[in-house]
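Naming convention: chains lettered A, B, ... in sequence-line order (proteins, then strands); numbering from 1 in each chain.
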Amino acid sequence: MRTACLLVADLPLVAALRAEPDLAGCALGVTSAAGAHATLISVSPRAARRGVWPGHTLAHARTLCAALVARVASPAAQGAARQALVDAALSCSPRAALAAPASGALAREAAVDLDASGITARFSSEAGFAAALGARARRLGLPAAVAIASSRRVARIAARLAATARAAQPADETPTQLVPPGAERAFLAPLPLDLFDPEDPLSEACTRFGLHTLGDLLALPPRALATRLGPRALEWIALARGEASEPPLPRLRERRLVEAIDLDHPIERLQPLLFVLQGLLTRLLARLEARHLGCGPLDITLDLASGAREVRRCGVAAPTRDVRVLVRLAHHALEARRLAAPVQAVHLASEGHPLRRDQLDLFRPAGPSPAALGQTLAALASLCGAERVGAPAVPDALHPDALAMTPFAPPAADAAPNASQRMRAASAAPSRDAAATRPSETRSDFTAALALRALRPPVSAQVRIQQQRPAWLRSAVANGRVVRLAGPWRTTGGWWSHDARFAFDSFDVQTSDGSVVRLRLDHVQRVWQIDAIYD
Amino acid sequence: MLLSPVEVLLQELGPRLLRASHVGARKVPTRPLATGLREIDALLEGGFPRGGLSEIAGPVSSGRTSLALALLAHTTRAGEVAALVDAADAFDPGSAEAAGVALARVLWARPASPPEAARCSQRLLETHGFALVVLDLAHAGRPGASPRLPRATWQRLARAARATGTALVVLSAAPCTQGCADLALAMQALRAHFAGTPTLLEALEIEAAVARQRAGAQRRSASLRLALHLRAA
């Protein structure tokens with residue numbers, strides 16, 4: 001089995017540059033905390049050339065390099081960069097997983113292991129695969145080194161070796177290290193043991209014994225080594241011989257992508273927040289593009305300075321990769337409700353969905369485009385409230401005041417009958433029973449149907465009763481003597497609950513002013529109401 | 001002298017050729033939006049104008065809502081998408097389904113006030129692809145009255161409808177578009193029919209009169225019988 005390793009050697013620096021690409025080429029230092037006495041954990045090559053190193057305090061570093069730009073390390077941005085590395089790997093291989101984090105001097109690196117078996121069917125060679133993988137990572141703002149070997153640990157060591165050679169290479173080339181099958185021993189033998197893990201006690205013990213390279217280790221008898229250094233020495237020997245066994249890589253099914261950033265200074269106003277969101281969305285869309293997916297509904301999570309957390313959801317009518325559309329949707333979602341406190345961190349999450357292609361019909365007008373419809377729905381939700389916008393639905397309830405709405409997603413063009421189907425439907429006479437039971441689907445002609453106008457809430461009415469029937473009516477919608485009357489029809493329900501129970505006697509009433517209304521007696525509240533108008 | 005194929009084409013078709021830039025500017029007559037009701041479509045010479053502002057005004061039980069639902073039904077069953085801005089919060093989905101409306105093709109917005117409804121309508125009219133936007137202002141705010149929106153608002157809505165070719169139909173208790181409508185229908189209730197044992201409301205007879213039509217003869221009317229379709233439980 002061939003395995004590749006995609007490795008970013010300095011994740012804090014890369015995450016900072018990915019969030020602010022304008023800082024590329026600057027003398028940049030990433031600090032562990034805010035303030036002049038914070039320690040630098042990563043520095044850019046330009047800052048390093050001025051003598052600034054990780055471990056310096058920011059004040060000290062500024063005495064060495066006055067133009068040093070400092071940024072506080074953002075765990076959220078580093079997490080997103082790590083996930084973006086997985087996305088770059090998944091764009092080239094179906095099996096990829098984040099490698100276990102290293103410790104000590106190598107703690108800043110992030111690596112992804114991916115299955116490279118059979119890649120020559122798609123790429124011309126392993127070198128071509130490595131170049132394509134590096135290019136995909138660079139497109140996501142992650143300059144990474146690539147190595148291919150027969151095991152994950154060897155590939156990772158090879159990637160570390162390649163990353164150290166990065167400074168000597170042009171920026172648009174990927175540092176690559178290929179270890180041919182069976183050549184692991186020859187490749188690893190001259191390498192220093194520190195490339196494994198310098199903090200490992202076994203590495204320190206080997207150094208005390210005067211063993212500096214893996215070749216030194218392999219020259220000794222394994223049994224004697226295991227006696228003196230413990231059974232883990234045998235693992236190292238197996239690794240150096242290319243004999244280590246590893247479980248297979250999992251197939252990643254997670255479609256939810258998260259982009260996030262911790263802000264150095266809290267943001268109070270909408271426009272700067274939108275600027276930050278635009279950057280996050282751009283990076284999120286690049287990751288989705290790497291997976292050949294579009295952006296579905298967005299969840300914007302805002303960590304506020306007060307300690308609270310707010311979540312805003314933007315519905316997306318159809319998966320899209322248009323950043324302007326998504327920024328507009330985020331704008332509507334954010335302006336719908338004022339934020340209670342300044343924003344300290346922003347998390348953006350979305351599920352990737354395959355992009356939908358619209359097939360236009362020659363004989364039927366095109367409806368609104370998904371992107372435009374998404375913007376319109378968001379604008380309407382912002383104006384009226386999300387719960388007051390949607391497609392109407394007939395409620396599955398007995399209560400006369402029940403109301404139902406569903407998310408508006410007009411069916412695709414092929415869901416409606418086409419011209420030839422309509423002609424066939426017109427020529428076939430529908431049965432009377434079918435027309436009675438499913439009027440909207442089977443009636444081919446349009447009869448003049450009398451409609452009801454609902455009154456929400458019902459309008460209260462004063463009613464005079466004669467011979468146990470309404471005889472006179474006074475209300476805001478209909479007034480006068482009751483001219484004609486039909487009913488009553490009793491509707492009851494919710495008897496199992498004191499709060500939900502209802503009982504109405506309804507009448508269809510025509511009053512002397514010409515109005516035809518639906519009048520009802522509410523037996524629970526003992527009031528007369530008009531709940532609908534025939535119009 | 002031999003002519004190139006392009007020159008031959010130019011000679012033959014020259015007078016009939018159009019510059020590509022002029023094609024979009026040509027005024028293409030658009031088919032009006034029919035209601036599917038024979039009497040009303042005949043009265044309106046085909047239906048409600050696309051790209052125009054129409055008004056249906058009338059008192060309670062004059063058939064405004066029935067006419068709007070017939071229009072929605074005919075539009076949505078033809079596969080087009082429509083929107084209903086329901087400032088009155090009076091839309092009854094059951095009644096609409098019984099009238100033949102394809103509910104999945106209707107975007108229902110329920111704004112809280114008439115100015116908000118005007119903003120919603122403006123947004124919908126600016127979105128290409130909606131064949132019809134119905135703005136229901138009848139009894140919005142308080143029963144029995146139609147709210148007054150500024151004339152500038154109606155002009156803006158009419159302009160937006162013209163730009164996208166969407167038919168904007170306003171329902172109100174009294175004329176309210178202040179002369180901006182391309183078509184104004186005045187509705188009136190004639191009589192209600194109760195019959196049977198036990199007595200049931202069967203139908204409502206109404207009259208629709210063209211109060212204003214930009215390109216057509218004025219003051220015509222038609223009467224119509226609206227039958228009550230009971231929804232299957």
Side-chain angles (χ1 to χ4, degrees), chain A residues 361 364-369 372-373 375-377 379-380 383-384 388-395 403-406 408-411 413 416-417 436-440 443 445-456 459 476-478 484-486 508 510 514-517 532-535, chain B residues 36-37 59-66 69-70 73-74 79-81 89-112 116 119-120 123-124 127-131 142-144 189 192 194 198-201 203-204 224-229 232:
Chain A
D361 194 309
R364 194 176 299 116
S369 73
L373 182 61
Q375 285 187 47
T376 301
L377 288 175
L380 294 182
L383 276 168
C384 312
R388 294 178 73 88
V389 177
V394 179
L403 187 66
M405 285 181 106
T406 56
F408 180 67
T437 50
R438 302 184 69 187
S440 63
R443 254 198 350 253
D445 60 328
F446 290 93
T447 56
L450 177 57
L452 266 178
R453 281 181 77 78
L455 291 175
R456 298 188 186 99
V459 173
V477 288
R484 304 295 300 271
L485 178 138
D508 289 337
Q510 184 185 18
S515 308
V516 183
V517 298
I533 301 170
Y534 288 99
D535 188 43
Chain B
L37 307 176
V60 172
S61 303
S62 60
R64 303 156 300 180
T65 312
S66 303
L69 289 193
H74 199 262
E80 299 197 78
V81 180
D89 203 3
F91 184 68
D92 180 43
S95 186
E97 193 186 45
V101 178
L103 295 179
R105 293 187 180 276
V106 177
L107 172 56
W108 184 21
R110 298 158 57 211
E116 212 171 76
R119 282 201 291 277
C120 288
R123 194 74 182 77
L124 287 162
T127 309
H128 288 260
F130 283 97
R142 62 191 173 84
F194 287 77
T199 311
L200 292 174
L201 171 64
L204 201 63
L224 184 67
R225 186 184 164 93
L226 302 170
L228 184 62
H229 291 294

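- In terms of heavy-atom proximity, Val60(B) sits nearest to Ile533(A) at CG1-CG2, 3.2 Å.
- The parts of Leu107(B) that come within reach of chain A are both its backbone and its side chain, each placing non-hydrogen atoms under 4.5 angstrom from that chain.
- Using a 4.5 Å cut-off on side-chain heavy atoms (C-beta onward), Leu373(A) and Phe130(B) make contact.
- A donor-acceptor distance shorter than 3.5 angstrom exists from the side chain of Asp535(A) to the backbone of Ser62(B), with no hydrogens or angles considered.
- Summarising the geometry of Pro410(A) relative to Val81(B), their closest heavy-atom pair is CB-CG2, 4.2 Å, with the distance given to 0.1 Å.
- The heavy-atom pair separating Trp108(B) from Arg456(A) by the smallest distance is CZ2-NH1, 4.0 Å.
- Interface remark: Leu377(A) contributes side-chain atoms only to the contact with chain B (heavy atom separation under 4.5 Å).
- Comparing Gly63(B), Ala109(B), Pro59(B) by heavy-atom pairs within less than 4.5 Å of chain A, the highest count is held by Gly63(B).
- Of the possible donor and acceptor atoms, one in the side chain of Arg388(A) sits under 3.5 Å from a partner among the backbone N and O of Arg110(B).
- Going from atom OH of Tyr534(A) over to atom CG of Leu201(B) covers 5.5 Å, rounded to the nearest 0.5 Å.
- For Pro198(B), no part lies under 4.5 angstrom from a heavy atom of chain A.
- Across all non-hydrogen atoms, the minimal contact from Ala449(A) to Leu226(B) is O-CD2, 4.1 Å.
- Leu103(B) and Ala393(A) make their closest contact through CD1-CA, 4.2 Å (heavy atoms, listed as atom of the first residue, atom of the second, distance).
- In terms of non-hydrogen atom pairs under 4.5 Å with chain B, the most contact-rich of Thr376(A), Leu403(A), Asp508(A), Val389(A) is Thr376(A).
- In terms of non-hydrogen atom pairs under 4.5 Å with chain B, the most contact-rich of Leu485(A), Leu455(A), Thr406(A) is Leu485(A).
- Each of Ala404(A), Gly514(A), Ala478(A), Ala451(A) has some count of heavy-atom pairs under 4.5 Å with chain B, and the biggest count is that of Ala451(A).
- Minimum interatomic distance between Cys384(A) and Glu116(B) (heavy atoms only, all atoms of both residues): CA-OE1, 4.2 Å.
- For chain A, the nearby part of Leu224(B) is the side chain; its heavy atoms alone come within less than 4.5 Å.
- Annotation: the span from Leu452(A) atom CG to Leu228(B) atom CG amounts to 7.0 Å, rounded to 0.5 Å.
- For the set Leu69(B), Leu124(B), Asp89(B), the count of heavy-atom pairs under 4.5 angstrom toward chain A peaks at Asp89(B).
- Note: Pro392(A) leads Ala486(A), Gly390(A), Pro392(A) in heavy-atom pairs under 4.5 Å with chain B.
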